[in-house]
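Everything on this sheet refers to the single structure shown next.
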2 protein chains.
Amino acid sequence: MSPQEVAQEPAHTPRRSKITPERAQEFYAAVLDMLRESGYEALTMEGVAARTRCGKSTLYRQWGSKPELVVAALHGTRQALLPHIDTGSLAGDLREAARSIGAGSGRDTPLVHALSHAALQSPELLCALREVLIAPGLAAIDAMVRRGVERGEIRPDNPAAEFVSAQLLGVMRARPLLEGKNADEAYLTRFVENAILPSLGLSAPAH
Amino acid sequence: MSPQEVAQEPAHTPRRSKITPERAQEFYAAVLDMLRESGYEALTMEGVAARTRCGKSTLYRQWGSKPELVVAALHGTRQALLPHIDTGSLAGDLREAARSIGAGSGRDTPLVHALSHAALQSPELLCALREVLIAPGLAAIDAMVRRGVERGEIRPDNPAAEFVSAQLLGVMRARPLLEGKNADEAYLTRFVENAILPSLGLSAPAH
DNA sequence: GCGTATCGGTACACTGGCGTATCGAAGGAC
DNA sequence: GTCCTTCGATACGCCAGTGTACCGATACGC
């Protein structure tokens, strides 16, 4: 708690910490990079200290412990992974979402991958993971579907609607395991075009 | 290597090990259980020894190290998770697969979950994971699709066909993260019915 | 039955990470 | 310019897990 306040307030209250917000971002970036590379368990405070060229004491002074540091890193680097998408049609939105997710897949997929198991042991971590990586994507996709309903493109009770987000995020996580490569833009675009849209009844199956 | 030979050959060569095949299965079951519960990193040789009421020395004598034990446990408990499914139609096969996967989801999903990250660091583990848990499911589903093509239910170039397995396995892994509960039989069945089949053009979208 | 090798159990070094304590140095407040 | 706090760095104690060594007991081969 206290560290974020300190690190995120540019100036205002007589700031005690010498960690500038930019410096904090360096810490956070290092943490997330190391998470992506080696996972949560292999992430060590010593490693973070070495990579950021600071003392362990600084890390413990500011964040208290490894789980808190990781949670702070997640929250501190919130970046809209699905930026405002509103193309005017559900199909367009989903295509654009596939593009956007695919473009960022090298960044977010490994993160989710690295944290998804560790999160089961720690409620705080699970909460941060959902809040930062899962919920925004989920909300964005659900919003697209909702707008699609409002525009009358699909019916409110379209039975495939509830699966759209699970399909997108699921396939994104499944492909590395199945085929050994990340779900990139091209793959996700094909997926939306050939699987999701037809399931919603939004494009005539090509046969 | 040597331990499996010993444990899996009932008799034949003057067996040195006193570990009967049944006893070996107990070890393997304990390992997989603990993997499901706590993940790969948290699995300790001491824990396995304690749960199976054996000495650590036995584990090290037989399997050499923790990664080897895990690999052996995977290979040693090969069980067809998708038993021969052949209902005569692709839709029937997929519905049956959903049922079967859903019924076993409490068993296999956590395993994949626990190993999928650890596998990225160890080629042997990745290989075993694919061979035992991924490939059989993949092959089974692809076989269904292939039979569907041969029967003429879908065209060979059906663009949604390539995504069937990724969707099933992906959704199975995504739901715990999205909704906090396992993809059970009911959910997967609805998913197949309302998303996969329509995407294949196998059921008229309900609207 | 007897020898032998493995079993289960414990004790032991060794490693590596966590978190704390302590230190000189540096930079901002005033 | 002085004071004071935090910084970076290092050393330390502690704990947990790995893998080895050793033990008496036990069950199998013959």
Side-chain angles (χ1 to χ4, degrees), chain A residues 2-7 9-27 30-31 34-35 37-73 118 121-122 124-125, chain B residues 2-7 9-27 30-31 34-35 37-72 118 121-122 125:
Chain A
S2 59
Q4 283 105 307
E5 299 169 17
V6 174
E9 298 285 51
H12 169 243
T13 159
R15 187 157 50 75
R16 289 296 182 186
S17 168
K18 289 182 182 173
I19 307 279
T20 64
E22 294 76 27
R23 183 73 169 129
Q25 287 300 319
E26 284 181 38
F27 285 123
V31 169
M34 297 174 74
L35 279 176
E37 288 165 19
S38 335
Y40 180 81
E41 338 269 333
L43 178 81
T44 69
M45 297 298 261
E46 265 135 6
V48 176
R51 186 180 290 212
T52 56
R53 303 198 49 76
C54 78
K56 274 200 299 177
S57 29
T58 303
L59 298 180
Y60 282 104
R61 243 193 313 269
Q62 292 291 327
W63 290 281
S65 74
K66 165 172 148 176
E68 293 177 84
L69 172 59
V70 170
V71 170
Q121 322 287 337
S122 149
E124 291 83 18
L125 201 52
Chain B
S2 60
Q4 282 106 304
E5 298 170 16
V6 174
E9 298 286 53
H12 168 242
T13 159
R15 188 157 49 75
R16 289 297 183 183
S17 169
K18 290 181 183 174
I19 307 278
T20 65
E22 295 75 26
R23 184 71 170 129
Q25 287 301 317
E26 284 180 39
F27 285 124
V31 169
M34 298 174 73
L35 279 177
E37 288 165 18
S38 333
Y40 181 80
E41 338 269 334
L43 177 81
T44 69
M45 297 298 261
E46 264 140 9
V48 176
R51 186 180 290 212
T52 55
R53 303 198 48 76
C54 80
K56 275 198 300 175
S57 26
T58 303
L59 299 180
Y60 283 104
R61 243 192 314 269
Q62 291 293 326
W63 290 280
S65 74
K66 165 171 151 178
E68 291 177 83
L69 172 59
V70 170
V71 170
Q121 322 288 334
S122 149
L125 200 53

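Chain naming here is simple, since letters A, B, ... match the order of the sequence lines and numbering starts at 1 in each.
Side-chain N/O atoms of B/Arg23 include one lying less than 4.0 angstrom from OP1 or OP2 on C/dG8.
Shortest non-hydrogen contact noted between B/Leu35 and B/Tyr40 is CD2-CA, 3.6 Å. Minimum heavy-atom separation, A/Val31 to A/Ala73: CG1-CB, 3.8 Å. The two atoms that bring A/Thr52 and A/Ala30 nearest to each other are CG2-CB, 3.6 Å, heavy atoms only. Taking both residues in full, the closest heavy atoms of B/Met34 and B/Leu43 are given as CB-CD1, 3.4 Å, listed atom of the first, atom of the second, then distance. Smallest separation of non-hydrogen atoms from B/Tyr60 and B/Ser65: CE2-CA, 4.3 Å.
Here A/Thr58 contributes atom OG1 and A/Phe27 contributes atom CZ; the two are 6.0 Å apart, rounded to the nearest 0.5 Å. Taking CG from B/Leu125 and CD from B/Glu68, the interatomic distance works out to 11.5 Å, rounded to the nearest 0.5 Å.
Counting to the nearest Å, the C1' atom of D/dT10 and the CG atom of A/Leu59 are 14 Å from each other. Rounding to whole angstrom units, CD of residue A/Glu22 and P of D/dC7 are separated by 15 Å.
Contacts of A/Gln121 classified as side chain to side chain contact (heavy atoms under 4.5 Å, CB included), with partners at least two apart in sequence or in another chain: A/His117. Applying the side chain to side chain contact (heavy atoms under 4.5 Å, CB included) rule to B/Glu26 yields the partners B/Arg23; only residues at least two apart in sequence or on another chain are considered.
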Please list, for nucleotides 10-18 of chain C, all pairs of protein and nucleotide N/O atoms separated by less than 3.5 Å.
| from | atom 1 | to | atom 2 | distance (Å) |
| --- | --- | --- | --- | --- |
| C/dC18 | OP2 | A/Met45 | N | 3.1 |

Dump the pairs, protein N or O against N or O of nucleotides 3-6 of chain C, anything under 3.5 Å, distances to one decimal.
| from | atom 1 | to | atom 2 | distance (Å) |
| --- | --- | --- | --- | --- |
| C/dT6 | O2 | B/Lys18 | NZ | 3.2 |

Going by atom type alone, with no hydrogens or angles, which donor-acceptor pairs under 3.5 Å involve a side-chain atom of residues 44-51 of chain A and a protein atom two or more places apart or on another chain?
| from | atom 1 | to | atom 2 | distance (Å) |
| --- | --- | --- | --- | --- |
| A/Thr44 | OG1 | A/Gly47 | N | 2.8 |
| A/Glu46 | OE2 | A/Lys56 | NZ | 3.1 |
| A/Arg51 | NH2 | A/Glu37 | OE1 | 3.0 |

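Rounded to 10°, the helix from C/dG1-D/dC30 to C/dC30-D/dG1 has 30° between the axis fitted to its first five pairs and the one fitted to its last five.
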